[in-house]
Amino acid sequence: MKKIFLKLGKQPLANSFLQNLRKKTLNREFFYNLNVCFDSKNYLVSISKPVNPRSQYTNKYAHRASESKTMREAFKKIAKKLNNKFKPKIIMEIGSNDGVFLKNFTRKKVIAIEPCKNLAEITKNKFKTYDEFWNLKLANKILKKQKKKVDLIFSANTVSHIPNLDQTFLGIKKVLSKNGILVIEDPSLFEVIKNNSYDQFYDEHVYVFSTIAIDKLVKKYDLRLFHVENISTHGGSNRYYICKNNANFKRTKGLNNVFKKELNYKLNKFSTFNKFSSRVKKSKNDLIKLLTKLKKFNKKIISYGATYKSTTVFNYCRLNNKFIEYVTDTTKNKQGKFTPGTHIPIISPDVGINNTVDYAFLGAWNFKKEILNKEKNYLKSGGKFITHIPKIKII
Ligand code: TMP
């Protein structure tokens, strides 16, 4: 039933920033074929051959959710909302990163699950933290220790990262209390197709979910999707509210509307993804054409934000430092390193954003508003941004 619709070529792990460009380091660089497929039976869009999570979520994991003001504020807001609305006694987060969501709760009630040991270390002192992969075995272990079931399970940008959906949802079903709720946030397939944001596909995004796919999926585990919210984070995501089959929550009108929207957009049809694939090829050609032209005029082009998404764009479009002189990123532990596969140096924006730059490719396009606000001086002095979302455009 699964059929490939998009081939993004040989790709490195989006998170595998290189320490140096020595031969030994380059020889060790890992690549895989990034092919994306659609399953017409369950409406799931996924990477055809996912990478082993143990090589992705290591003790060197670079992403810190707290880096962005947008994300800090978004997590604070949803933490408050869930606390007020559902008044959970015990809260658990699957994929707690640096604790950006959990730090909004008091210590007693909170369980953190984070397999990247460097990140788990950050929350360990404050919360009960398990530095392990989420699966049924861990669910049983927690239940044995904890004795009580969990009232609120939150998981942002994590469920879509775990290849084994059975393990994810069987574990969740095990620890969730009778009237407990599971809240999942992940990039929205509708937004990806609408915005042509093909760079949402990289090794960690094993799945890009639609609401119609989540609805079908959770039924397999005697769970029920009862509400969904379209949210703006990560370039357009969905927040799914799920409960046990017999729990008290009623299916909302909002959910029915999103269902209609997705079916009208034909997210249940292979032809939709085929058309998307043609638009992706055009985006690649247009970007290469623009950058080649600017380079002919000796323009200095850099990239803004060493994002995982830009790993997909750079490797798919084969953009190296002949096009992009360097990438700026605020994350200390990305600075001084090189982009995966394309080996472009990453430096601090304090050094890299100045009036010698003509164009900055918006690698972190999902933070466009925050960035344009922050970089008023760069824009005032004549600096420009290039975005590829939804079409190649100069800002
Ligand atoms: P993400 O899209 O995977 O969250 O990554 C965003 C990256 O962009 C992260 O490494 C931080 C970086 N960034 C900047 O360098 N400057 C900024 O103003 C923002 C918002 C993000």
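We count ligands from 1, going down the list as the structure has it; atoms in each ligand are counted the same way. Note that the coordinates shown come from a computational prediction; the quantities given were computed from them, not determined experimentally.
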When only distance counts, is [X] in polar contact with ligand 1, meaning an N/O pair under 3.5 Å?
| X | result |
| --- | --- |
| Tyr308 | no |
| Thr307 | no |
| Thr331 | yes |

Please list the nearest protein heavy atom to atom 13 (N) of ligand 1 with its residue and the distance rounded to 0.1 Å. Thr330 OG1, 3.8 Å

Tell me, which protein residue and heavy-atom name are nearest atom 21 (C) of ligand 1, and how many Å apart are they?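 It is Phe367 CD1, 4.2 Å.
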
Going by the order shown, which atoms of ligand 1 are within less than 4.0 Å of some heavy atom of [X]?
| X | result |
| --- | --- |
| Tyr304 | 16 (N), 17 (C), 18 (O) |
| Asn366 | 2 (O) |
| Ile371 | 18 (O) |
| Asp329 | 7 (C), 8 (O), 9 (C), 10 (O), 11 (C), 12 (C), 15 (O) |

Students often mix this up, so state it plainly: with edges at 30° and 60°, are the rings of His63 and Tyr61 parallel, tilted or perpendicular? perpendicular

Could you give me the CA-CA distance, side-chain angles and deciding distance for Asp222 and Lys173, then say whether salt bridge (Lys or Arg N to Asp or Glu O under 4.0 Å) is met? CA-CA 8 Å; Asp222 303 319; Lys173 184 180 160 186; 3.0 Å; yes

Under 4.0 Å, counting heavy atoms only: does Arg64 come that close to any atom of ligand 1? no

Would the distance check show the side chain of Thr311 and the main-chain N or O of Pro340 forming a donor-acceptor pair, the cut-off being under 3.5 Å? no

Pick from Glu375, Lys376, Glu370, Lys369: which one makes a side chain to side chain donor-acceptor pair (under 3.5 Å) with Asn373? Lys376

Lys/Arg cation over aromatic Phe270: Lys3, 6.0 Å, 45° cone: yes

Tell me whether Tyr326 shares a hydrophobic cluster with Leu291, the cluster being built from Ile, Leu, Val, Met, Phe, Trp, Tyr side chains joined at under 4.5 Å. no

When the ring centroid of Phe385 is compared with that of Tyr378, is the distance short of 6.0 Å?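 Yes, ring centres under 6.0 Å apart.
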
Which option, His63, Lys309, Lys334, Lys374, owns the non-hydrogen atom nearest atom 18 (O) of ligand 1? Lys374

Show the numbers, then the answer: is there a ring pair (Phe, Tyr, Trp, His ring centres under 6.0 Å) between Tyr316 and Tyr198? CA-CA 10 Å; Tyr316 176 55; Tyr198 67 89; 5.4 Å; yes

